[in-house]
Amino acid sequence: MREKIINAENNRFRLITGTFPDKETAEIMAEELKIRYGWIVYIIPEQSEKDWN
């Protein structure tokens with residue numbers, strides 16, 4: 001049984017599922033999440049440490 005979640009500040013939360021070795025794999029997994037769970041899925045490139053310098 002789920003407990004009722006109280007969010008008095010109306011904060012929003014982001015769920016990040018993971019990283020994938022290439023865009024094709026990410027697209028396959030995104031489609032699976034859309035079909036199986038009805039999620040809205042965004043694919044964004046991950047920043048590497050060299051991008052921060």
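The structure presented is a predicted model; accordingly, all values stated were derived computationally and were not measured. If you read the sequence from its start, that first residue is 1, and numbering goes on from there. Basis for what follows: all heavy atoms, side chains included, without hydrogens, waters or symmetry-related copies.
- The number of heavy atoms from other shown groups lying within 6.0 Å of CD1 (I43) is above 12.
- Here the NZ atom belonging to K34 is positioned 12.0 Å from the CD atom belonging to E32, to the nearest 0.5 angstrom.
- Applying the ring-ring contact (aromatic ring centres under 6.0 Å, His included) test to Y37 and every residue at least two apart in sequence or in another chain returns W39.
- Atoms OG1 and CD1, from T25 and I28 in turn, are 5.5 Å apart once rounded to the nearest 0.5 Å.
- Linking ILVMFWY residues whenever their side-chain heavy atoms come closer than 4.5 Å, directly or via other members, places L15 and L33 in the same cluster.
- Interatomic distance, CZ of F13 versus CG of N11, reported as 4.5 Å (0.5 Å rounding).
- Counted within 6.0 Å of CD1 on I35, heavy atoms from surrounding residues, nucleotides or ligands total more than 12; the atom is thus considered enclosed.
- Note that CZ of R36 and CE of M29 are 8.5 Å apart. Values are rounded to the nearest 0.5 Å.
- At most 12 heavy atoms of other shown residues, nucleotides or ligands fall within 6.0 angstrom of atom NZ in K23.
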